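Everything numeric here is computed off the predicted structure, so don't read it as measured data.
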Amino acid sequence: MKRILLSLFSASLCMGINAQSNTKVTINPSKTYQTMRSFGASDCWTAEYVAQYFSDTQRQNAARWLFSSEVDAQGNPLGIALSQWRVNLGAGSSTQGSNSNIDDETRRADCYLESDGQTYNWNHCPGQQWFMNQAKTYGVNDFLLFSNSPLIYYTTNGLANNKSNAAGSNLGAAYYDDFSEYLAECVKHFTEKGYPITYIDPVNEPAFNWTDGQEGTPWQNTEVSKLVRELDTSLTSRNLSTQILIPEASSWDRLYQQCSDYNGRASNQIEAFWNPAHTDTYIGDVAHLAKIAAGHSYWTFRTNDDLQNIRSQVATKAAEYGLETAQTEWSMLDAEPSTEAGFPASYDAATYMDIALYMGKLIYSDIVYANNTSWSYWTAMAQEKWSQKNRFYLLRLIDADDTDGGESYGDIRKGGTIEDSKSLWVLGNYSRFIRPGYQRINLEASNLGLNGLMGTAYLSPNQDQMVCVFVNMGYTRRNLSFDIDGYSISHIDTYTTSETQNLEHASYAADETFNVAKGTVTTVVLSISPTAGIEHLTIADGDTKYTADDAVYTITGQKTGTSLQSLPAGIYIKQGKKMIIH
């Protein structure tokens, strides 16, 4: 038998008495937004080196920081529990050495074909595969394979980049099917090895010229469309469910408007790929194509106007075609954000926490304005150089030749040590707690703002937990009070990242006071239950009293059918009343 409770009660909890800095937070679970899929990072390019050349202790530390959901005796997280791992399928430039047109050896990448271009060797890329296995062991069940360049065996110039500065793809016209077969075979191999390969992305930042420095090729929209159709055929022939994710645009604006740079290449891409009127590029009917527009947050994060307006236009355009949006790659490229956006006057003046805090603001903006369902960092591990601080890594690699723990860019084939960073833990304020399937719900407060306090709220699938993430770029300590419709709070846990804290845990009873300090990112985990003190009803087998033909809805507004008896425990709405099934 299932017990059903009917409630029309709204619960509120006040935490904080200081009127000078009180912030009332109102959460309405019935007003819903996107369902979150994942938070991730890329293995480019150093995962290969770390797994092969660093000590087992160091590489295990790296894996734990990135993937673990465990906590210590005080409840402090040991890692950030990434839910997606983005894996580079290299083009084979590492076999060419100095002839690869890539000076930095760590940016050359291997592939799974031998030099004959025909024979697969799955022993290649052992370092990348070690981290893949660690991710899977820790519970990551979403792997994204992506390619920066076609294999050197298939390119027109025999390189993994566009040295000749061609206007279009470096993939030879005769090799679209070969490259697609290779990508699909990689998906098949790793799927059979037990890796859930959710997505395969055959192109990356197609607008750029990619003349040197790393693997890469430009793509015209027509070329992307041709490759996607070929790849769909290859995936179908292998009976694979992996979806194709495109276009990983280098900046958000390229998704919704025609751009003049790079001769307009790879722009207005949502229209190009999902509007049937564009007959030369339309691929919206491709079976394996994910209904997701993927882009990168580079070049559009320096001002509050860009953070809001550009991303809002992405969301609007994506909604026209029923698409989700995914932010698949970001680090702090470009000039420093403006002081009007709350950033220090220069990168030199910024602390490691300033950089991480601004990333927290960016993630907030991508989720709230661009409506992202997933968010990924570039890149998981890197060395620090040129006073860049933590602009380009989650984990800092310090090579073995470094003598003082300072900035170094030595040979990481000699091993070294790995340090966590503030960027790691700020990303963890999101990734560790907002798990796949959590739905963003309405959170409002009278003084929220991009230069002050930013907050988002998420409801767990079984509706026993609410997660709120607050980024406080303001200058005051904020005491919080919560007004939450339909729930009571039994316990509160907070996890704070600041100049001196890394997801530091604190525990509170429901009636205790806590606050969110300035310059911090704080995750508030509310253990919740439906409000009590209401009528108890019982449904016996065969009882049709509450199974009429009118619809039953979840608390987030999704129609579930008409029968209450077949539903799992949770909160439902029927005939305008909330029904709680235990």
Ignoring hydrogens and geometry, is there a side-chain-to-backbone donor-acceptor pair from T242 to I200 under 3.5 Å? no
Centre-to-centre under 6.0 Å for Y377 and Y430, is that the case here? no
So, Y298 and E329: side-chain donor and acceptor under 3.5 Å apart, yes or no? yes
Test log, rule side chain to side chain donor-acceptor pair (under 3.5 Å), inputs N275 and Y321: CA-CA 8 Å; N275 186 343; Y321 297 96; 3.2 Å; yes
Minimum heavy-atom separation for G90 and C111, please, with both atom names. O-CB, 3.3 Å
Give the C-alpha distance, both sets of side-chain angles, the deciding distance and a yes or no for side chain to side chain contact (heavy atoms under 4.5 Å, CB included) between Q465 and Y438. CA-CA 10 Å; Q465 188 178 89; Y438 278 51; 2.9 Å; yes
Can you name the nearest heavy-atom pair linking Y153 to L113, along with the distance? OH-O, 3.4 Å
Residue pair N76 / L503, side-chain heavy-atom distance below 4.5 Å: no
More than 12 heavy atoms of other residues, nucleotides or ligands under 6.0 Å from CG of N239: is that the case? no
Taking CZ in R238 as the centre, count heavy atoms belonging to other residues, nucleotides or ligands within less than 6.0 Å. Is the count above 12? yes
Closer than 3.5 angstrom, by distance alone: can the side chain of S68 be matched with the main-chain N or O of W65 as a donor-acceptor pair? no
Examine distances only and state if a side-chain atom of S225 and a backbone atom of Y282 form a donor-acceptor pair shorter than 3.5 Å. no
Any carboxylate oxygen within less than 4.0 angstrom of a Lys/Arg side-chain nitrogen, looking at E181 and K188? no
Using only heavy-atom distances, determine whether the side chains of D399 and Y53 contain a donor-acceptor pair under 3.5 Å. no
Between R311 and T325, a side-chain donor and acceptor under 3.5 Å: no
Euclidean distance, R302 CZ relative to E336 CD, rounded to 0.5 Å: 6.0 Å
Dump the intermediate steps for side chain to side chain contact (heavy atoms under 4.5 Å, CB included) on R108 and Q96, then the final yes or no. CA-CA 9 Å; R108 304 169 193 162; Q96 297 176 314; over 6 Å; no
Would you find a donor on one side and an acceptor on the other, under 3.5 Å apart, between the side chain of R432 and the backbone of S69? yes
Measure from the side-chain N and O atoms of H288 to the backbone N and O of I244, and report whether any donor-acceptor pair falls under 3.5 Å. no
Taking the ring centre of each residue, are Y495 and F433 less than 6.0 Å apart? yes
Is E223 salt-bridged to K226, going by a charged N under 4.0 Å from an acidic O? no
Check: D261 and R254 side chains under 4.5 Å, non-hydrogen atoms: yes
Does atom OH of Y176 have more than 12 heavy-atom neighbours, drawn from other residues, nucleotides or ligands, at distances under 6.0 Å? yes
Quick one: are K291 and Q243 in side-chain contact, heavy atoms under 4.5 Å? no
D354 and T351 side chains, donor-acceptor separation under 3.5 Å: yes
Any chance the side chains of Y393 and Q388 put a donor and an acceptor closer than 3.5 Å? no
Smallest separation among heavy atoms of P202 and L227, with atom names: CB-CD2, 3.6 Å
Determine yes or no for a side-chain-to-main-chain donor-acceptor pair under 3.5 angstrom, with Y358 supplying the side chain and F301 the backbone. yes
Is it the case that the ring center of W386 lies less than 6.0 angstrom away from the ring center of Y409? no
Using a distance-only test with no angle check, is there a side-chain donor-acceptor pair under 3.5 angstrom linking N429 and T523? yes
If you define the side chain from C-beta out and look only at heavy atoms, does anything of Y347 sit under 4.5 Å from S387? no
Residues L82, L427; criterion side chain to side chain contact (heavy atoms under 4.5 Å, CB included); working and verdict: CA-CA 9 Å; L82 294 177; L427 178 55; 4.0 Å; yes
Just by distance, do the side chain of Q129 and the backbone of H124 share a donor-acceptor pair under 3.5 Å? yes
What's the separation between atom OG in S297 and atom CG in L362, rounded to the nearest 0.5 Å? 4.5 Å
If we count only N and O atoms by modelled type, under 3.5 Å, do the side chains of Q269 and N221 hold a donor and an acceptor together? yes
Option from Q308, R440, Q34 for which side chain to side chain contact (heavy atoms under 4.5 Å, CB included) with V368 holds: R440
Side-chain heavy-atom pair F143, F190 within 4.5 angstrom cut-off: no
Once salt bridge (charged side-chain N to carboxylate O under 4.0 Å, His left out) is applied, what residue pairs with a partner in residues 59-71 remain, sequence neighbours excluded? D56-R59
Under 3.5 Å: donor-acceptor pair, side chain of T155, backbone of N170: no
Backbone N or O of I418 within a donor-acceptor pair of the Q58 side chain at under 3.5 Å? yes
Side chain to side chain donor-acceptor pair (under 3.5 Å) between E248 and T328, worked out: CA-CA 7 Å; E248 298 221 45; T328 48; 2.7 Å; yes
Supply the atom-to-atom distance M332 CE to S423 OG, rounded to the nearest 0.5 angstrom. 7.5 Å
Enter the distance from T520:OG1 to F470:CZ here, rounded to the nearest 0.5 Å. 10.5 Å
Is there a side chain to side chain contact (heavy atoms under 4.5 Å, CB included) between I355 and K422? Walk through the geometry before answering. CA-CA 8 Å; I355 291 168; K422 290 300 175 183; over 6 Å; no
Nearest 0.5 Å, please: how far is CZ in F131 from CD in E48? 10.0 Å
Could you point out which residue of Y195, W122, Y182 forms a ring-ring contact (aromatic ring centres under 6.0 Å, His included) with H189? W122
Does H296 reach the side chain of Q327, with side-chain heavy atoms less than 4.5 Å apart? yes
Under the criterion side chain to side chain donor-acceptor pair (under 3.5 Å), I'd like the reasoning laid out for N204 against N148: C-alpha separation, chi angles, the key distance, then a yes or no. CA-CA 5 Å; N204 180 64; N148 289 321; 3.0 Å; yes
Considering all heavy atoms, the nearest A290-L245 contact: CB-CD1, 4.4 Å
With the side chain counted from C-beta on, respond yes when P247 and W219 share a heavy-atom pair under 4.5 Å apart, and no when they do not. no
Measuring from W210:CH2 to N165:CG, what's the distance to the nearest 0.5 Å? 13.0 Å
Distance only, no hydrogens: is a donor on one side chain within 3.5 Å (strictly under) of an acceptor on the other, for N162 and N209? no
Side-chain contact, heavy-atom cut-off 4.5 Å: R435 with S460? no
Do R391 and D334 meet the salt-bridge criterion of a basic N to acidic O distance under 4.0 Å? no
If we ignore hydrogens and angles and just use 3.5 Å, is the side chain of S169 paired with the main-chain N or O of L171 as donor and acceptor? yes
Going by the angle between their ring planes, with limits at 30° and 60°, are Y175 and Y154 parallel, tilted or perpendicular? parallel
